[in-house]
Engineer: 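To start, I am sharing the structure in question, which I have written as structure tokens.
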Amino acid sequence: MAVLSREALHASVRDPEATSMNFLNEVAERFPDAISLAAGRPWDGFHDPADLPRYLRVFQDHLAASGMPPERFGALLMQYGRTNGILGGLIARQLANDEGITVPPEAVAVTSGCQEAMVIALRGLCAGPEDVVLAVEPWYVGITGAARLLGIDVVPVPEAPGGLDPAAVAAAARAVRAGGRNPKALYVVPNFSNPSGLSLTAAARRALLDIAEAENLLVLEDDPYGLFGLDDEPRPSLKALDRNHRVIYLGSFAKSCFPGARVGFLVADQPVLAHDGRRTLLAEELSAVKSMLTVNTSPVAQAVIGGLLVEAGCSLRTANRARTAFYRRNLRTLLAALEEHFPNAAGQGVRWTVPSGGFFVVLEVPVPADEKLLELSAERYGVLWTPMRFFYSSGGTHALRLSCSALEPGRIGEGVARLARLLADNG
Ligand SMILES: Cc1ncc(COP(=O)(O)O)c(C=O)c1O
């Protein structure tokens, strides 16, 4: 009988972040009645399976209106397909409408969720062990997990009050170079980041692009929460400000449409020059990576998202008005509940971030917010949250992430009340 040593398997199998997330899921399963301020997924009330056949039909009507003969639909939707997908044109229109991003459809590669876009971008950019990626810390575990899978080192750049101090990016890039390695790109979530909820100021966005140019860095911009600001302030995406093809935009439809489609995309309009003089776009080159990962993103799933985009007139900002209103109300409810249940926050050694949108708030607490406290919290107090330590290379020991996206607004206050009791009894 083949018995394998777990330690002999690749390190990604023992990925500490995956282990942490499994622990969280396992606690959630054991205490199904606990109120989850841990889950960052979208609210289930937005998901109606009756929409699916309609989206599929709308997409086929769109194909017909674009001049495709109906006898070709079967091959398009049910055969193997083009590696970079069939939604480049619709996604380019949506980005132009919602974000002021102007890119040709060939610069878009449709991926199996944003997660695959991260893997493809990292794999394509980092050619050898000397190539590393910078990432704003605390970070989304999807990027560090992807890097670990690929054996790529991630160098943290600490988050700052304005989201990011661009000078810290330059300092990190120089330190990497001084150590004989190449910083290839910086990963950043400029709007309402996961996990911190922080956003980059407009000045930091422009300064970051200048630093990227000066330090010869690419920027991996991930923006799944940008539609969910508490106000209607325009927050220009880095890609919209990008004059020098420095930004690779990683797109997710998980929050703006629905995560079960597993459709995301990347935008890579960087020109690539081969030694024989042939010029292509980076997205076209990266298709070689994608073809060996998932061949192509399910055309059925693409057609569903395509129909949704067509129905939305290629504006997710408009189509998401109800979602935006719901998440705004939830975030305001969460912030108000923190005020209510921690009336003497400073005296209790507690403070929290006040994000201008998104799904997440970080609560700093006077006790270690570790697995033990989480277990106690779930079992005795009936509330779940995420230890911030999961999102750091080191640090985050006395903080927890609260998410308000998946809950009915009425449950949020009770969840925070339970959390306040946990901290009062165990602080
Ligand atoms: C910052 C960030 N990027 C990407 C994703 C995942 O995107 P997808 O579901 O499209 O793979 C998430 C999901 O939580 C996220 O928070």
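All ligand and atom numbering here is 1-based and tracks the order in the structure.
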Engineer: Quick one: does ligand 1 sit under 4.0 Å from the side chain of Y187, the backbone, both or neither, non-hydrogen atoms only?
Structural biologist: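 Under 4.0 Å from ligand 1, Y187 contributes side-chain atoms alone.
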
Engineer: Using a 4.0 Å cutoff against the non-hydrogen atoms of M118, which atoms of ligand 1 qualify?
Structural biologist: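 Answer for ligand 1: 3 (N), 4 (C).
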
Engineer: For ligand 1, which atoms have a heavy atom of Y225 less than 4.0 angstrom away?
Structural biologist: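 Listed by number with element, the hits are 13 (C), 14 (O), 15 (C), 16 (O).
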
Engineer: Can you list the ligand 1 atoms lying under 4.0 Å from a non-hydrogen atom of S252?
Structural biologist: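 Per the distance check, 7 (O), 8 (P), 10 (O).
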
Engineer: Report, in ascending order of atom number, the atoms of ligand 1 lying under 4.0 Å from any heavy atom of G113.
Structural biologist: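 Near G113, the atoms of ligand 1 are 10 (O), 11 (O).
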
Engineer: Just wondering, do L400 and L419 contact through their side chains at under 4.5 Å, heavy atoms?
Structural biologist: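 Yes; the side chains approach each other to less than 4.5 Å.
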
Engineer: I'd like to know if E379 pairs up with R30 as an ion pair, taking the criterion as any Lys NZ or Arg NE/NH1/NH2 lying under 4.0 Å from an Asp or Glu carboxylate oxygen.
Structural biologist: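 R30 and E379: not salt-bridged.
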
Engineer: Taking the non-hydrogen atoms of G264, is any one of them nearer than 4.0 angstrom to ligand 1?
Structural biologist: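 G264: no contact with ligand 1 (<4.0 Å).
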
Engineer: Checking R323 against F228: charged group under 6.0 Å from the ring centre and within 45 degrees of the axis?
Structural biologist: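 No, a cation-pi geometry is absent between R323 and F228.
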
Engineer: List ligand 1 atoms under 4.0 Å from R262, heavy atoms only on the residue side.
Structural biologist: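 Taking each heavy atom of R262 in turn, ligand 1 has 8 (P), 9 (O), 11 (O) under 4.0 Å.
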
Engineer: Identify the closest protein heavy atom to atom 6 (C) of ligand 1: which residue and atom is it, and at what distance?
Structural biologist: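 Its nearest protein heavy-atom neighbour is Y140 OH, 3.5 Å.
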
Engineer: From the options D222, T111, D223, V263, select the one whose nearest heavy atom is closest to atom 1 (C) of ligand 1.
Structural biologist: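 Minimum heavy-atom distance to atom 1 (C) of ligand 1 goes to D222.
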
Engineer: Examine the proximity of ligand 1 to K255 and report which part, side chain or backbone, both or neither, has a heavy atom under 4.0 Å away.
Structural biologist: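 It is the side chain that gets close, since no backbone atom is under 4.0 Å.
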
Engineer: Could you tell me whether F391 and Y140 have their ring centroids closer than 6.0 angstrom?
Structural biologist: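 No, too far apart.
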
Engineer: Determine, for R328 against D232, whether the closest basic-nitrogen to carboxylate-oxygen distance falls under 4.0 angstrom.
Structural biologist: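 Looking at D232 together with R328, the answer is yes, because their closest N to O distance falls below 4.0 Å.
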
Engineer: Treating D131 as the side-chain partner and P183 as the backbone partner, does any N or O pair qualify as donor plus acceptor under 3.5 Å?
Structural biologist: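 A pair under 3.5 Å: no.
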
Engineer: Using distance alone, decide if ligand 1 has a nitrogen or oxygen within less than 3.5 Å of any nitrogen or oxygen in C114.
Structural biologist: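 Yes, at least one N or O pair falls under 3.5 Å.
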
Engineer: P224 heavy atoms, cut-off 4.0 Å: which ligand 1 atoms fall inside?
Structural biologist: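 This gives 1 (C), 2 (C), 3 (N), 15 (C) as the contact atoms.
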
Engineer: Which of these passes side chain to side chain donor-acceptor pair (under 3.5 Å) with D98: S237, S256, S315?
Structural biologist: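 The side chain to side chain donor-acceptor pair (under 3.5 Å) with D98 is passed solely by S315 among S237, S256, S315.
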
Engineer: Within a distance under 4.0 Å of any heavy atom of Q115, pick out the atoms of ligand 1 and give their elements.
Structural biologist: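 Once the distances to Q115 are compared, the set is 11 (O).
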
Engineer: Looking at E371 and R389, is there a salt bridge between them, counting it only when a charged N and a carboxylate O are closer than 4.0 Å?
Structural biologist: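 Result for this pair is yes, salt bridge flagged.
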
Engineer: Would you say the ring centers of F253 and F265 fall short of 6.0 Å from each other?
Structural biologist: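 Distance test on ring centres: under 6.0 Å, yes.
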
Engineer: Answer with yes or no whether R41 contacts ligand 1, where contact means a heavy atom under 4.0 Å from a ligand atom.
Structural biologist: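 For ligand 1, residue contact (heavy atoms, under 4.0 Å) with R41 is absent.
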
